[in-house]
Amino acid sequence: MGEFLASTWYTYNTLLYTIFVNGMLALSIYLTLACGQLSLGNAAFMGMGAYTAAILTMKAGAPFGIALIAGGALPALVALIIGIPTLRLSGVYLAMATLGFGEVVRVAFLNMSITGGSLGLNGVPAKTEFWHLLLVMGILIYFFVKLKSSRFGRALEAINEDETAASVMGIRTTLFKVWAFAAGAFIAGVAGGLNAHFTFFVSPREYGFEFAVDILTFAILGGTQTFWGPIVGSTILTLLPELLRFMGPYRLALNGLILLFVVIYLPNGIVSRDTFKKKADRG
Amino acid sequence: MEPETAFSAIGEDLICIGRVTVFLQQFANALALGSVYALFAIGFTLIFGVLEIITLAHGTIFMVGAFAGLLAVTKLHLGLGPAILTAMLAAGTLGWVIDLVAVRPLRKRSFHHLAPMIATIGCATFITSIAQGLFGAEAYRFPFDFVPATSYTLGPVQLTLLQLIIIAISFAFMVIIIVLLHKTKWGKAVRAVAENRRTAALLGIPVDRVYQITSFTAGALGGAAGILTGINFNTIHAFMGGPMLHRGIAVVILGGMGDIRGALLGGLILGFSEIMSVAYISSDFRDAVSFGLLFLILLLKPAGIFGRTGERKV
Amino acid sequence: MLKVQNIIKDFGGLRVLDGVVFQVAEGAIFGLIGPNGAGKTTVFNIVSGLLQPTDGRVIFNGADITRLPPHAIAAQGISRTFQNIRIFGEMSLLENVLVGMHRLFSYSPAAMFFDLPKKRTEEKLLREKACDILSLVNLEDKADWAAKNLSYGGQRKLELARALATDPKLLLVDEPAAGMNPAETEELMDEIVQINRRGYTICVIEHDMKVIMGICGQIAVLNFGELIAEGSPEEVKRNPLVIEAYLGKEG
Ligand SMILES: Nc1ncnc2c1ncn2[C@@H]1O[C@H](COP(=O)(O)OP(=O)(O)O)[C@@H](O)[C@H]1O
Ligand SMILES: [Mg+2]
């Protein structure tokens, strides 16, 4: 029995780790979606976090915790810089700006020497323990629970539903959007740092537009009315490729179909607010 | 070949030219590059102006146009003119189909303002993935000497036949589209819908038809840009749409969203900025130039260079 | 209390407001009337900061608020409703009102995260107050409904409640009776008078002059972006320009 558990863990722990990291990424984009903004830069933010944390532990011998926080702080700072001019404007500008930004970051990773150029960073120390992932995810869930029933959560929701009406209610819409975007970048950066320290390498090819679309698909499939949606969506989509290996190069086509289908036929995603309402009614 | 290297190869010949020739030569190169950017961006901005959505599938349409043109040449042995028409027809049809399956269903009810954008990302991802499955990740080329390597000397400037063709065709299409929009019945209908869709509907303009025509036209322009780019750099691959989309977005924001003349000017500005940065700074920066311009304009003049302040819709 | 001074507003080449001037006195119910398309809503959009005027100024309690952003104007104590209802449909009625109370909350993100007493007392107190406001418009029994499930009239009332929740000094109400039958309209006008008695200054838009004749002390009439009359309901009703504007529209 014990042996069975050990071998199962050995086979599936990478998958489990990935589920947690993808869940964090889905939550990172959820924060911007929750105030009606679309960020296509969260893969790039994750990459920045991965490189920052890995460089700090590999080259500066920094403690893992510090490296992770720095890995979150740098993308958050960059998000503030991009967000302030962009988020003053109406809904669609952030998507367009982050699309180009992701490309710039990818090119930068490929061309800088500190990031190891096109080889990336190899031999990142194995620092991520499973309890790290549990702890970070626990903090995030706690945070989102508290956020939901607070003045901040309500403000984000109001902005999402009707930005003009929200501003007339005295909500500083730009401020909220910028902070939500930056906090999302922070989460993505930390997730990147955690990921780098269990895959042991950071490659410049992993953080491009395709992965940004992956992250978006996690959140949209799961639903963005509650924070459970992105967690559910990312879990399903992380498990799915294991089941759909036969699709080979067409795996991404599935992402496309999911996005299209969900937006048109299931606009609230798998987990919507009503999912909880019905349960409450039945209980 | 990796997609990254395939795309950075595009800049190589420009870099060489950039190092050895004078400013005026850069001018000609920039004009060829910029006019294709403008052609691409006009489709993008047309969709925004008329349908009021951002279509993130426009890069994919561009890629499909390039492949359609390539196949027309390599499989059907068509000449340049028919190949361009094939590319436009294929890309236009794709634009129309995307409108039909991804955008139209959303129009029928009230939707979140991000929904059409996400739906078009879905289309783009799907089509790109199919293209990758069919063609792999490698780059394809036109037959050797498809466009003869003739060049003409105009004073200090050398223009290749290819550059002349690209500039002439791009500008021809841009002139045609502007004339169509201003002189024909359908063009006037399109402009009326862009101005105010409710009033247009009241005036008896078939708004839905206008949307379909616009989607086809925009796609066709994207396809033309696709095949011209494919010939210009002589590389066609499944991922060529992404970098073009970034550029198109930068151009459209530069010129003011929904502004056709702005897109024209924006395309030329981006073409010049890229050529000059490659020539005088570094080729590594080329892909960052469009984002740099975009960020700058968002910072300083978000309504675009013509600065018609966009009234927020209340 | 509110002074609108020579407001000009152009959309593209079109002049929609041309030198609009009026004043709303503290404690009043002020009516802004005029045919459809006269520019009434545009006046509200400018006062509440959603649009910038091409020229002119808006003075509120002695301070120039002309180019302030909407949230800052809300903070000065101006709130409004919309002609085309704009409630937060997915949120509950209570949450809608709590959003209206946004600026009355002051606890920090840290207080939120650590569930500090300041957060808990503030939330408790203001939730109670939100319930009171809902009962003011007779919606307290539906407090946890999703707002989108309310009837049309209910949504109008909720919007009024949400605007009141910001604790405004001046309340701008845009065509509250639109889409309502005469009985509902009468009830609503009553509620507006009630709200006014509680000490709120009110500026109400209406295109049908008769509806607000009874409740307004002072009325301004807009036609094609120009102020054509201002005065008591009696004066306005007799004004030949007003009669012409309304007859011209009907005929
Ligand atoms: N955002 C806008 N852009 C362009 N025109 C507008 C805008 N808002 C209002 N208008 C025009 O301004 C005029 C006045 O509109 P409005 O203030 O809504 O009138 P009212 O509320 O008196 O019916 C109308 O002709 C309308 O079409
Ligand atoms: Mg109105």
Side-chain angles (χ1 to χ4, degrees), chain A residues 31 34-36 87-90 138-177 179-180 182-183 186 223-226 229 267-269 272-278 280-281, chain C residues 44-45 48-51 69-82 84-92 94-115 119-120 122-123 126-127 144-148 159 162-163 165-168 172:
Chain A
L31 257 180
C35 57
L87 289 165
R88 299 175 295 167
L89 311 169
S90 74
I139 293 174
L140 285 177
I141 289 180
Y142 176 83
F143 168 78
F144 280 107
V145 169
K146 290 293 165 204
L147 180 68
K148 194 188 155 9
S149 59
S150 75
R151 69 183 182 110
F152 306 105
R154 286 191 298 266
L156 291 178
E157 219 173 321
I159 294 169
N160 183 29
E161 283 210 34
D162 189 332
E163 200 175 325
T164 301
S167 69
V168 169
M169 295 301 119
I171 294 170
R172 304 184 62 168
T173 52
T174 307
L175 189 77
F176 273 92
K177 289 187 289 182
W179 278 115
F186 187 89
T224 54
Q225 284 194 335
T226 74
N268 296 332
S272 68
R273 214 181 313 255
D274 293 340
T275 319
F276 295 96
K277 285 252 172 61
K278 275 175 210 141
D281 287 351
Chain C
F44 273 17
N45 285 340
S48 57
L50 295 176
L51 292 175
H71 67 81
I73 290 176
Q76 299 270 329
I78 298 183
S79 190
R80 69 172 286 183
T81 68
F82 294 88
N84 49 336
I85 303 175
R86 298 182 82 153
I87 52 168
F88 306 119
E90 296 289 336
M91 301 173 85
S92 72
L94 188 71
E95 284 170 327
N96 267 275
V97 176
L98 284 170
V99 169
M101 293 177 147
H102 179 80
R103 68 187 190 92
L104 310 181
F105 285 92
S106 62
Y107 62 83
S108 65
M112 170 198 94
F113 192 79
F114 297 108
D115 220 353
K119 177 217 165 180
R120 269 181 285 159
E122 239 180 54
E123 283 282 339
L126 288 171
R127 267 168 203 270
D144 54 1
W145 282 32
K148 64 180 175 189
E159 225 198 348
R162 186 184 65 180
T166 66
D167 197 21
L172 309 174

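Residue numbering restarts at 1 for every chain, and letters A, B, ... go by the order of the sequence lines. Scope of the values below: all heavy atoms of this structure, side chains included, with no hydrogens, waters or symmetry mates.
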Contact origin within [X] toward chain A - heavy atom pairs under 4.5 Å:
| X | answer |
| --- | --- |
| C/S108 | backbone |
| C/R127 | side chain |
| C/P69 | neither |

Looking only at non-hydrogen atoms, find the nearest pair between C/V99 and A/A158 and report the distance.
->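 Closest approach of C/V99 to A/A158, heavy atoms only: CG1-CB, 3.7 Å.
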
Between C/E123 and A/R154, which heavy-atom pair has the shortest distance, and what is it?
->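 Shortest heavy-atom contact: OE2-NH2, 3.1 Å.
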
Between A/A166, A/A155, A/S150, which has the largest tally of heavy atom pairs under 4.5 Å with chain C?
->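 Answer, by heavy-atom pair count under 4.5 Å with chain C: A/S150.
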
Can you tell which of A/V168, A/N160, A/V145 has the highest number of heavy-atom pairs within less than 4.5 Å of chain C?
->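 Heavy-atom pair counts peak at A/V168.
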
Indicate the ring-plane relationship of A/F143 and C/F113, choosing parallel, tilted or perpendicular according to the 30° and 60° boundaries.
->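 Aromatic pair A/F143/C/F113 classed tilted.
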
Under a 4.5 Å cut-off applied to non-hydrogen side-chain atoms, are [X] and [Y] in contact?
| X | Y | value |
| --- | --- | --- |
| C/Y107 | A/F152 | yes |
| A/S272 | C/E90 | no |
| A/L147 | C/M112 | yes |
| A/T164 | C/P70 | no |

Is chain C contacted by the side chain of A/T174, its backbone, both, or neither, given a heavy-atom distance below 4.5 Å?
->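 Answer is neither: A/T174 stays 4.5 Å or more from chain C.
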
For the interface with chain A, which of [options] has the highest count of heavy-atom pairs at distances below 4.5 Å?
| options | value |
| --- | --- |
| C/R103, C/E95, C/M101, C/M91 | C/M91 |
| C/D115, C/I73, C/L126, C/T81 | C/D115 |
| C/A72, C/A75, C/G89 | C/G89 |

Under 6.0 Å between the ring centres of C/H102 and A/F176?
->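 Under 6.0 Å, so yes.
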
